[in-house]
Each structure stands twice: as C-alpha cells, then as structure tokens.
Amino acid sequence: MKSYVIIGNQYEGIYTQPWSEIKAYTQTKPAPKYKGFETQEAAETWFKQQKNAEHGGEARTYQTAYDGKINWQPDRYYIFTDGGSRNTGNVVGGHVKATDKAGWAIAVFQGNDMKNPVFTDSGAYYGKTNNEMEIFALINALTQALKVPEKVVIVSDSKYVLDTTTDWMYSWQANGWKKKSGPIANLAAWQMVYDLVIKQAKRLQFIWVKGHATSTGNVLVDELLNQAMDGLTVK
C-alpha cells in the first residue's frame, strides 16, 4: 500500500489513504513538501530525515552566491571543489571516449584567508564523465572535512552535485537506493557521499557559485584540475 508524507502545514504527517483523498491536504498556503512512497517504512524514514533537517539541518540546503561573494567566517574551513571532462564526444548522441581526459580538484582555505590555501589536491583519469569527476571531488572534500573539528563549508559550481547532496540522495536512500525513473547514475559514488555526509552533517554547509567566474577559489580548482589533465600522458 502506498504511503504519503506531508511536511510543513497543519496536515503534516504520514498517510496511507488514496492520493485522491490526500491531495487536498497539500493545497495550502504556504505550500508544504509532500512525497509518495511504495512502503510505509520508506515514508517514515523520509519523514524523520525531513524533521531532523529542520533542527540544525544546514547540510540539507545550499546557499547561492551568484556574484562569488561569500560571507567568510574565521572559525570555518572552506573547501572548493570542481570536476571536468574534455569530452570529445560531447555532441548529440556522443559519449565520453576511453581516450578523453577528465580531472578533479579541491582547495581548502581556513577562515577568511582566500589567497593562501592550506591544502590542495587533484587527480586525472581517462574516460570519465564530468559528473563523475564532480562527485569524486566532493568525496575528497568530505574526506578532508572529517579531519577537522570545525565547521566546513563546501563550495561547488555543480547544481547536479549540490541538489543531489542536499536533497535527492535522501529520497534514494529511503527508497532502498532506487528511483522510479530508472537506475541511479554513479550509484556507488553517491552512497559514499551519503555515508560521509551523515557522519558530519551537523558541521557541513554548502554554497553554489557560478563556474569559472568571480570566485577565486573556484577559478583555482579549475586551474588545478586542468593541470592534472595536462599531466596525463597521451593514451
């Protein structure tokens, strides 16, 4: 029997009645969050996650810095991430080729010193997609974040990464790592991200910046990943 969850209005809760009866409960102002699940267990898991997110759930959302300006705080680390692929098959019907270069990079800054990163890392591979490299950069950033007790702000120019990290992956996990539209791309990597986020969610924040524009940290990681790709020998 299908279950429905409503969050954020006077009808908040879990329901097992038909959608035709539940739909009216979602037509309020302000509009609530609502979602259907194949099992009541999955609905209960998502409900708990959403309620937990209301209490210090900064890891369940991300800020947007269109102009690259961030309110730097001295008691935090800022980790910039980026990934890319020189996809020569990037045309209609094209795919990444085994000889295409791809890379990722991170840069860690402490406090409001955005001129001198305290740590950088990067890597490059053949035949990987842009999304794979964006996720790999995030995994490396989250791994570094585990090494410090302070709050960590992860800055990315990928809305795919940030939307998944702050929202979609929780639904996938609640549904047994499945989604109705088909297989989850890069599933194993997203499961790693989920585990790393859960371990430190109370210390994490996320920010989106426009890629290769006004953010010096973002420009730096783009340079680092391109250097890593340049370092690959011709395959």
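Legend: ring-ring contact (aromatic ring centres under 6.0 Å, His included) pairs involving residues 148-167, not counting sequence neighbours, sorted by first then second residue: Tyr160-Trp190. Listed by first and then second residue, the salt bridge (charged side-chain N to carboxylate O under 4.0 Å, His left out) pairs that reach into residues 119-133 come to none, sequence neighbours excluded.
One distance of note links CD1 of Ile14 with CH2 of Trp46; it measures 10.0 Å at 0.5 Å rounding. Distance CG/Leu196 to CG/Leu204: 9.5 Å, rounded to 0.5 Å. For the atom pair CG of Asn175 and NZ of Lys179, the computed distance is 12.0 Å after rounding to the nearest 0.5 Å. Rounded to the nearest 0.5 angstrom, Leu225 CG and Ser122 OG are separated by 8.0 Å. Between atom NZ of residue Lys151 and atom CD of residue Gln200 there is a gap of 13.0 Å, rounded to the nearest 0.5 Å. Here the CE-CG distance, from Met133 to Leu138, works out to 12.5 Å after rounding to the nearest 0.5 Å.
Using a 4.5 Å cut-off on side-chain heavy atoms (C-beta onward), Pro117 and Val108 make no contact. With contacts defined as side-chain heavy-atom distances shorter than 4.5 Å, the pair Trp172/Thr164 qualifies. Side chains of Ser85 and Thr129 form no contact here, defined as non-hydrogen atoms less than 4.5 Å apart. The side-chain heavy atoms of Tyr25 and Tyr4, taken from C-beta on, include no pair separated by under 4.5 Å.
When the side-chain contact (heavy atoms from CB on, under 4.5 Å) test is applied to Lys210, the partners found at least two apart in sequence or on another chain are Trp208, Ala213. Judged as a side-chain contact (heavy atoms from CB on, under 4.5 Å), and not counting sequence neighbours, the contacts of Val148 are Tyr77, Glu150, Val152, Arg203. For Asn131, there are no side chain to side chain donor-acceptor pair (under 3.5 Å) partners, not counting sequence neighbours. Partners of Asn71 according to the side chain to side chain donor-acceptor pair (under 3.5 Å) rule, which considers only residues two or more places apart in sequence or in another chain, do not exist here. Partners of Glu44 by side chain to side chain donor-acceptor pair (under 3.5 Å), not counting sequence neighbours, listed by chain and number: Gln40. Checked against side chain to side chain donor-acceptor pair (under 3.5 Å), Tyr62 has the following partners two or more places apart in sequence or in another chain: Asp163. Looking at residues two or more places apart in sequence or on another chain, you find a side-chain contact (heavy atoms from CB on, under 4.5 Å) between Asp113 and Lys115, Asn116. Partners of Gln144 under the side-chain contact (heavy atoms from CB on, under 4.5 Å) rule, at least two apart in sequence or in another chain, are Ile79, Ile106, Phe119, Lys147.
Scanning all heavy atoms of the two residues, the minimum distance from Ile139 to Ala189 falls at CD1-O, 3.8 Å. Here the closest heavy-atom approach between residue Val5 and residue Phe47 is recorded as CG1-CD1, 3.6 Å. Contact between Asn226 and Arg86 at its shortest, heavy atoms only, is OD1-NH2, 3.0 Å. A pairwise comparison of heavy atoms in Ala59 and Ala201 identifies CB-O, 3.5 Å as the closest pair. Residue Gln173 comes nearest to Thr45 through the heavy atom pair OE1-CG2, 4.1 Å, listed as atom of the first residue, atom of the second, then distance. Among all heavy-atom pairs drawn from Asp82 and Glu134, the shortest one is OD1-OE2, 3.4 Å.
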Only pairs under 3.5 Å count here: list side-chain donor-acceptor contacts from residues 27-37, not counting sequence neighbours, and write none if there are none.
residue, atom, partner, partner atom, Å
Gln27, NE2, Lys23, O, 3.4
Thr28, OG1, Asn9, ND2, 2.9
Thr28, OG1, Pro30, O, 3.3
Lys33, NZ, Gln50, OE1, 2.8

Intermediate values then yes/no, side chain to side chain contact (heavy atoms under 4.5 Å, CB included), Val193 and Ile135
CA-CA 8 Å; Val193 170; Ile135 303 169; 3.9 Å; yes
Test ring pair (Phe, Tyr, Trp, His ring centres under 6.0 Å) applied to Tyr125 and Phe136, step by step:
CA-CA 11 Å; Tyr125 305 88; Phe136 203 74; 5.8 Å; yes
Is there a side chain to side chain contact (heavy atoms under 4.5 Å, CB included) between Thr166 and Phe206? Walk through the geometry before answering.
CA-CA 8 Å; Thr166 61; Phe206 296 93; 4.0 Å; yes
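Within a 6.0 Å radius of NZ in Lys199, no more than 12 heavy atoms belonging to other residues, nucleotides or ligands are found. Few gaps surround NZ on Lys2; more than 12 heavy atoms of other groups in view lie less than 6.0 Å from it.
Side-chain N or O atoms of Lys101 include one that pairs as donor or acceptor with a backbone N or O of Leu232 at under 3.5 Å.
Side-chain heavy-atom separations under 4.5 angstrom define the hydrophobic clusters, and the remaining members of the one that includes Ile207 are Ile70, Trp72, Tyr78, Phe80, Phe109, Met114, Val153, Val155, Val209, Leu220, Val221, Leu224.
By the criterion of side-chain heavy atoms lying less than 4.5 angstrom apart, applied directly or through intervening Ile, Leu, Val, Met, Phe, Trp or Tyr residues, Ile154 is grouped together with Val118 in one hydrophobic cluster. Linking Ile, Leu, Val, Met, Phe, Trp and Tyr residues whenever their side-chain heavy atoms come within less than 4.5 Å leaves Met229 and Val219 in two separate clusters.
Between Tyr170 and Tyr194, the ring center distance clears the sub-6.0 Å criterion.
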